[in-house]
Number of protein chains: 2
Amino acid sequence: MASADQESSEQAGFDGARARMRLRVPSVAERVAEELRYQLAEGFLVPGSKLTEATIAEDLGVSRNTVREAFAELAAERLLLRQPNKGVYVATLEAGDIHDVYTVRRAIEVSSIRAGGSPERIAAVRAAVDEGKRAAAVNDNEGLGSANQHFHGAIVALAESNRLDTIMAQILAEMRLYFHKATMNAHFYSDWLAENEQICAALEAGHLEEAGDLLLAYLNRSEQQQTAIHGD
Amino acid sequence: MASADQESSEQAGFDGARARMRLRVPSVAERVAEELRYQLAEGFLVPGSKLTEATIAEDLGVSRNTVREAFAELAAERLLLRQPNKGVYVATLEAGDIHDVYTVRRAIEVSSIRAGGSPERIAAVRAAVDEGKRAAAVNDNEGLGSANQHFHGAIVALAESNRLDTIMAQILAEMRLYFHKATMNAHFYSDWLAENEQICAALEAGHLEEAGDLLLAYLNRSEQQQTAIHGD
DNA sequence: ACCGCTGGATTGTTCAACAATCCAGCGATC
DNA sequence: GATCGCTGGATTGTTGAACAATCCAGCGGT
């Protein structure tokens, strides 16, 4: 997702008329990266475990060189850790990294929401909130989780910055990798809904300062929770 | 610089006693990437020009596959643009990208300075200001430019977040690439010194809000200047 | 318990080949 | 004369094999 979108010049306010064609066939290396990303997000590859080039190459039926290219891509996204002459390992988040990740989130999320956004972008935030409500209604824990990620992604999208979007996407991928389904019990999601609703409402009402404060408070609390669980 | 530092667990408060050894020999691909980064920053490779794999491979005396790995790394940093089946090109910043870049800078720089920082980190900011003054004293335009980059890098470093640091490093590399020496006349540097001094003073005095406001104002003005020059 | 060695496994890098794709040029056609 | 279709050459994408460099576990010697 990082190197996939190179339409930085493609402004958002484009007429739907001249819709871009995008029938590009992703390269093999990209598909390998995509597959690995999927397996990482799904938890098939546990943090810290080693990925051997030859094995993966054979499993996916591609050349070792191609696997290497995919590794490079994922290493650049911090999903894999490359240790020279030793191998690549699934990234692990240490105690310090949790703070690190939340520092980034505070910077870009709060800044994005404080600057407001176009009505369409705000509507996208609202949509994510609703998505969460629907998931909660049917007790879909997994759906609840991704709805929350959509919510925070939509907040960053308010800023209409491609770079912030990809940064956020990477951070979310990192969190998916580490705070995996297994580690998140239902009680985590308890407060989200109400809080997201509150933030979204403030945003819609144009109370940007308040929205920012609420979001900041949420992030701080969330960091505390995570640190408490993944001990340090 | 992006994938080079994987000591995310290495907290800042480390005793100088157990200094890290770092005698790692960078891989060939990394050295190729380094060389290209240098040529990009130095302006030998103009934005938009095409880089042919075979040519670079021969010039540097390495294999085409290795060049490819280096390309992947630089493409992930947005310094190169990979167009599938066509080739890699030196990245160009369109009008919209300028706003994009500054949006990121506003987010992470302002957020970093508003949170303050340890005395050592603040001292580093001060050091960057002094570096600028020394460069100005001898009319060293180039030194003045890099001093300013050090200044803003030091501000982000206040947050003590590895991720923010690498993000900022990439952004600065992008700007170096585009706003190259040739394009920046001396008059650009005119205000910097006084303003950096002011920001730094506010920071040292603990007036974080004021420091943030000053920095924000600077970034906004700088964006305007850049947009004015590199037409839109 | 410490040391050095050694062999096997894995990564790093190169090379050569071929398929897939793009692009410029060049006729053929209306 | 502009458009279309083709074709040939150049470049990228991908593979497979080979070899060098490096690491690591195990083993034996002291």
Side-chain angles (χ1 to χ4, degrees), chain A residues 2-7 20-37 45-46 48-76 78-92, chain B residues 2-7 20-37 45-46 48-76 78-92:
Chain A
S3 65
D5 52 348
Q6 52 244 22
E7 55 264 295
R20 182 138 293 179
M21 267 305 183
R22 38 178 73 282
L23 42 76
R24 219 190 88 224
V25 178
S27 85
V28 177
E30 274 171 47
R31 272 177 327 212
V32 171
E34 196 53 44
E35 170 65 18
L36 289 178
R37 253 189 288 262
L45 302 173
V46 272
S49 64
K50 178 177 181 182
L51 301 186
T52 308
E53 296 180 355
T55 309
I56 307 251
E58 197 171 8
D59 282 2
L60 301 183
V62 300
S63 161
R64 196 158 72 90
N65 268 326
T66 305
V67 173
R68 260 168 152 272
E69 262 195 64
F71 279 178
E73 191 171 330
L74 297 181
R78 284 183 186 269
L79 295 181
L80 298 182
L81 174 62
R82 196 163 215 168
Q83 256 168 328
N85 287 319
K86 293 187 58 178
V88 306
Y89 299 81
V90 179
T92 65
Chain B
S3 66
D5 53 348
Q6 52 242 21
E7 54 263 298
R20 181 139 292 180
M21 267 302 185
R22 46 174 68 282
L23 42 75
R24 216 189 94 225
V25 178
S27 85
V28 177
E30 274 170 47
R31 273 176 324 207
V32 170
E34 196 54 43
E35 171 65 18
L36 290 178
R37 253 190 290 261
L45 302 172
V46 271
S49 64
K50 179 177 179 180
L51 301 187
T52 309
E53 296 180 354
T55 308
I56 307 249
E58 197 171 7
D59 281 2
L60 301 183
V62 300
S63 162
R64 197 158 71 91
N65 268 327
T66 305
V67 173
R68 265 171 149 272
E69 262 195 64
F71 279 177
E73 191 172 330
L74 297 181
R78 284 184 187 269
L79 295 182
L80 297 183
L81 175 61
R82 195 164 218 166
Q83 257 169 327
N85 287 319
K86 296 188 55 180
V88 305
Y89 299 81
V90 179
T92 67

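Each chain gets a letter, A, B and so on, in the order the sequences are listed, and its residues count up from 1.
Here the straight-line distance linking atom NZ of A/K50 with atom CG of A/L80 works out to 13.0 Å at 0.5 Å rounding. The CG atom of B/L36 sits 6.0 Å away from atom CZ of B/F71, with the distance rounded to the nearest 0.5 Å. For the atom pair CG (A/N65) and CG (B/N65), the distance works out to 4.5 Å, reported to the nearest 0.5 Å. The CG atom of A/L51 sits 11.0 Å away from the CZ atom of A/R82 when rounded to the nearest 0.5 Å. Note that CG of B/L45 and CD1 of B/I56 are 6.5 Å apart. Values are rounded to the nearest 0.5 Å.
Looking at residues two or more places apart in sequence or on another chain, you find a side-chain hydrogen bond (donor to acceptor under 3.5 Å, both in side chains) between B/E35 and B/Q39. A search for side chain to side chain contact (heavy atoms under 4.5 Å, CB included) contacts involving B/A29 returns B/S27, B/T66, B/E69, not counting sequence neighbours. Take B/R64 and apply the salt bridge (Lys or Arg N to Asp or Glu O under 4.0 Å) test, not counting sequence neighbours, and it matches B/E53.
Map A/K50 and B/V28 each onto its nearest nucleotide of DNA chain C; the residue landing nearer the 5' end is A/K50. Residue whose closest nucleotide on DNA chain D sits further toward the 5' end, between B/V88 and A/K86: B/V88. Taking for each of A/Y89 and B/G87 the nucleotide of DNA chain D with the nearest heavy atom, the 5'-most of the two is the partner of B/G87.
Computed from coordinates, the B/E73 CD to C/dG12 P distance equals 13 Å when rounded to whole Å.
Near-neighbour residues of DNA chain C inside residues 51-59 of chain A, defined by a heavy atom below 4.0 Å, number-ordered: A/L51, A/T52, A/E53. Non-hydrogen atoms lying under 4.0 Å from DNA chain C are contributed by A/R64, A/N65, A/R68, all within residues 64-72 of chain A.
Residues A/V62 and A/V32 have side chains in contact (heavy-atom distance under 4.5 Å, counting atoms from C-beta outward).
Using a 4.0 Å cutoff to heavy atoms of chain A, the contacted part of DNA chain D runs 5' to 3' from D/dT14 to D/dC24.
Using a 4.0 Å cut-off between charged nitrogen and carboxylate oxygen, B/R37 and B/E34 count as a salt-bridge pair.
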